[in-house]
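This report refers to the structure that appears directly beneath it.
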Number of protein chains: 2
Amino acid sequence: MTQFPPFLEETDDTRDAIMRATYAALCEHGYSELTIQRIGDAFPKSKSLLYHHYDSKDDLLLEFLSFMLDQLEGQIPTYREGGADDHIAEIVEQTFDLGVAEMSADFTRALVELRAQAAHDEGYRDHFTRSDQFVRKHVAHTIRSGIEQGVFQDVDPQETAALFQVVFVGTMTQRVTSDDDVLEGGRSAFERYIRECLLEAE
Amino acid sequence: MTQFPPFLEETDDTRDAIMRATYAALCEHGYSELTIQRIGDAFPKSKSLLYHHYDSKDDLLLEFLSFMLDQLEGQIPTYREGGADDHIAEIVEQTFDLGVAEMSADFTRALVELRAQAAHDEGYRDHFTRSDQFVRKHVAHTIRSGIEQGVFQDVDPQETAALFQVVFVGTMTQRVTSDDDVLEGGRSAFERYIRECLLEAE
DNA sequence: ATGTGCTAACTGAATAGTTAGTCAGCACGT
DNA sequence: ACGTGCTGACTAACTATTCAGTTAGCACAT
């Protein structure tokens with residue numbers, strides 16, 4: 001059975017139930033084998049009802065992505081005070097260890113497939129652009145704080161955050177698309193980068 | 001019209017022609033809208049003939065990937081002597097600037113889509129595992145040479161190459177799936193990493 | 001209370017289109 | 001005669017989407 005993230009708890013709302021069904025179907029079948037039928041199967045009501053609430057399969061999935069991103073954005077405390085260095089360490093931990101926080105491996109898989117759609121679909125590209133910008137700005141802001149706190153060297157926050165973003169996407173993609181084990185080694189090397197190029201020597 | 005890479009020159013061989021047609025169709029339509037029909041359209045002979053040479057669509061595409069990888073592996077001089085530092089600089093250039101060498105943007109797009117299939121398809125995963133290993137070992141070898149040459153610090157070649165691989169996949173994916181411009185900044189930050197964590201200070 | 005009109009949620013069955021894959025047979029070099 | 005490369009027409013399965021029609025609930029006049 002699919003393990004739902006906390007913000008997808010049971011509610012009576014039909015549209016929430018559709019989001020839940022979409023999440024479940026995506027985890028179970030992946031994007032490439034996702035059909036309206038299968039979303040319907042994961043949904044207590046009828047398949048046709050999906051069209052009552054959304055214009056098309058595409059519309060539904062885009063709304064789904066937007067819904068997930070909203071939840072995620074709402075969930076991340078804009079910035080909990082505390083050492084910026086600790087926060088960065090947490091981000092690295094999440095990047096190389098589990099992927100994103102509570103995301104199941106199955107959902108990560110589907111997410112990588114969904115991102116790939118952005119290569120030829122503007123709607124998806126818009127979504128991931130927004131998503132990337134959110135993450136990158138969050139990291140940049142953290143780095144800026146760290147510099148002010150004196151725990152980071154005087155680096156360019158934008159550029160550094162950009163590298164974080166690339167490493168983040170690369171890791172996530174690599175994890176689910178290749179058995180070549182690159183994560184442990186990549187992590188060591190990246191931590192060395194943080195130690196020598198980001199953290200202020202004490 | 002599709003611009004073919006040099007190793008896909010015109011030949012009489014039918015199977016080469018099929019590879020060419022697959023490449024062209026992939027560039028024109030991307031993976032998600034790739035059909036046997038469309039490969040047939042880009043092919044001077046008939047669609048049914050494809051089944052005479054390959055068992056299934058999946059078989060054909062896997063053979064195509066394998067074919068491309070063989071060509072690429074054969075093309076990269078195992079190691080042209082010369083400064084390992086220059087060679088690494090070239091790799092960085094190719095990573096952030098054009099993507100891989102002469103690959104068209106269209107093909108890169110398709111390649112990202114193809115990689116995403118590996119999330120749920122073992123055949124594709126095997127391919128990209130092999131592909132990743134090749135690249136990573138090539139980079140690791142270059143780094144090892146650089147250390148011996150005294151131009152690189154005494155880093156762990158495996159770990160460093162792993163980070164290169166992650167950055168490579170991340171950049172390629174990001175480039176075609178997001179309009180958030182992360183490449184320039186990522187490049188600057190990565191070049192700083194190379195300067196401070198890889199190159200031997202002179 | 002009750003009947004009436006109206007709307008939104010909902011359903012099962014149908015449809016039109018597309019797809020991978022098949023197959024009987026043609027041309028032709030040996 | 002025979003195998004090989006090759007073809008066009010075909011099919012069976014699956015897809016997103018539609019649609020005619022059922023229900024349940026609500027507002028409101030009687």
Side-chain angles (χ1 to χ4, degrees), chain A residues 10-67 110 113-114 116-118 120-124 127, chain B residues 10-67 110 113-114 116-118 120-124 127:
Chain A
E10 300 277 336
T11 59
D12 296 353
D13 190 47
T14 298
R15 292 177 75 102
D16 283 355
I18 294 179
M19 295 294 101
R20 232 177 293 130
T22 306
Y23 182 92
L26 226 26
C27 286
E28 189 171 355
H29 306 287
Y31 174 80
S32 57
E33 307 220 325
L34 185 72
T35 64
I36 289 282
Q37 180 64 244
R38 299 219 228 249
I39 298 176
D41 291 346
F43 180 53
K45 310 194 177 169
S46 84
K47 174 182 87 162
S48 337
L49 184 56
L50 301 174
Y51 284 98
H52 186 70
H53 290 277
Y54 300 94
D55 288 344
S56 64
K57 185 188 176 186
D58 227 54
D59 181 43
L60 170 66
L61 287 178
L62 252 10
E63 292 278 341
F64 171 76
L65 281 176
S66 180
F67 170 83
E113 289 183 281
L114 282 162
Q117 300 311 305
H120 288 95
D121 184 310
E122 212 182 332
Y124 286 87
H127 167 80
Chain B
E10 300 276 335
T11 59
D12 296 353
D13 190 47
T14 298
R15 292 177 75 102
D16 283 356
I18 295 179
M19 296 294 99
R20 232 177 293 131
T22 306
Y23 182 91
L26 227 25
C27 287
E28 189 170 355
H29 306 287
Y31 174 80
S32 57
E33 308 219 322
L34 185 71
T35 64
I36 289 282
Q37 182 63 246
R38 300 219 228 249
I39 297 177
D41 291 347
F43 180 52
K45 311 196 177 171
S46 83
K47 172 185 97 164
S48 334
L49 185 55
L50 301 173
Y51 285 99
H52 188 70
H53 290 276
Y54 300 94
D55 289 344
S56 65
K57 186 189 178 185
D58 227 54
D59 181 42
L60 170 67
L61 286 177
L62 251 11
E63 291 280 341
F64 171 76
L65 281 176
S66 181
F67 170 83
E113 288 183 282
L114 281 163
Q117 301 311 305
H120 288 95
D121 185 309
E122 211 181 333
Y124 286 87
H127 167 81

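Here the structure is a predicted model, which means the values were calculated and not measured. Lettering follows sequence order; numbering is per chain, from 1.
Regarding contacts with the backbone of dC10(C), every side-chain N or O of His52(A) stays at 4.0 angstrom or more from both OP1 and OP2. Regarding contacts with the backbone of dC6(D), a side-chain N or O of Thr14(B) is found under 4.0 angstrom from either OP1 or OP2. His53(A) has a side-chain polar atom (N or O) that falls below the 4.0 Å cut-off from OP1 or OP2 of dC10(C).
Here the C1' atom of nucleotide dA8(C) and the NZ atom of Lys45(A) are 12 Å apart, to the nearest Å. At whole-Å resolution of the value, CD1 in Ile36(A) and C1' in dT11(C) are 16 Å apart. If you measure from atom CD of Glu33(B) to atom C1' of dA16(D), you get 14 Å, rounded to the nearest angstrom. dC14(D) atom C1' lies 15 Å from atom CG of Leu34(A), rounded to whole Å. To the nearest angstrom, C1' of dA16(D) lies 12 Å from CG of Leu61(A). Straight-line distance from the OH atom of Tyr51(A) to the C1' atom of dT15(C): 13 Å, rounded to whole Å. Gln37(A) places its CD atom 16 Å from the P atom of dA13(D), with the value rounded to the nearest Å. A straight line from CG of Leu50(A) to P of dT18(D) spans 13 Å, rounded to a whole angstrom.
Under 3.5 Å, the side chain of Ser46(B) and the base of dG8(D) form no donor-acceptor pair of N or O atoms.
The aromatic rings of Tyr124(B) and Tyr31(B) lie perpendicular to each other, with more than 60° between the two planes, well past the 30° mark.
Listed nucleotides: dC6(D), dC10(D), dT18(D). Nearest to the side chain of Lys47(B): dC10(D).
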Test side-chain hydrogen bond (donor to acceptor under 3.5 Å, both in side chains) on His120(B) and Glu33(A); report intermediate values, then the result. CA-CA 9 Å; His120(B) 288 95; Glu33(A) 307 220 325; over 6 Å; no
Go through Asp16(B) and Phe67(B) one step at a time and tell me if the side chain to side chain contact (heavy atoms under 4.5 Å, CB included) criterion holds. CA-CA 9 Å; Asp16(B) 283 356; Phe67(B) 170 83; 4.1 Å; yes
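With hydrogens and angles disregarded, a donor-acceptor distance shorter than 3.5 Å links the side chain of Thr22(A) to the backbone of Ile18(A).
Residue Arg38(A) is the one, among Arg38(A) and Ser48(A), whose nearest nucleotide of DNA chain D lies closer to the 5' end (criterion: closest heavy atom).
In plain terms, the two heavy atoms of Ile36(A) and Lys47(A) that are nearest each other are CG2-CG, 3.6 Å.
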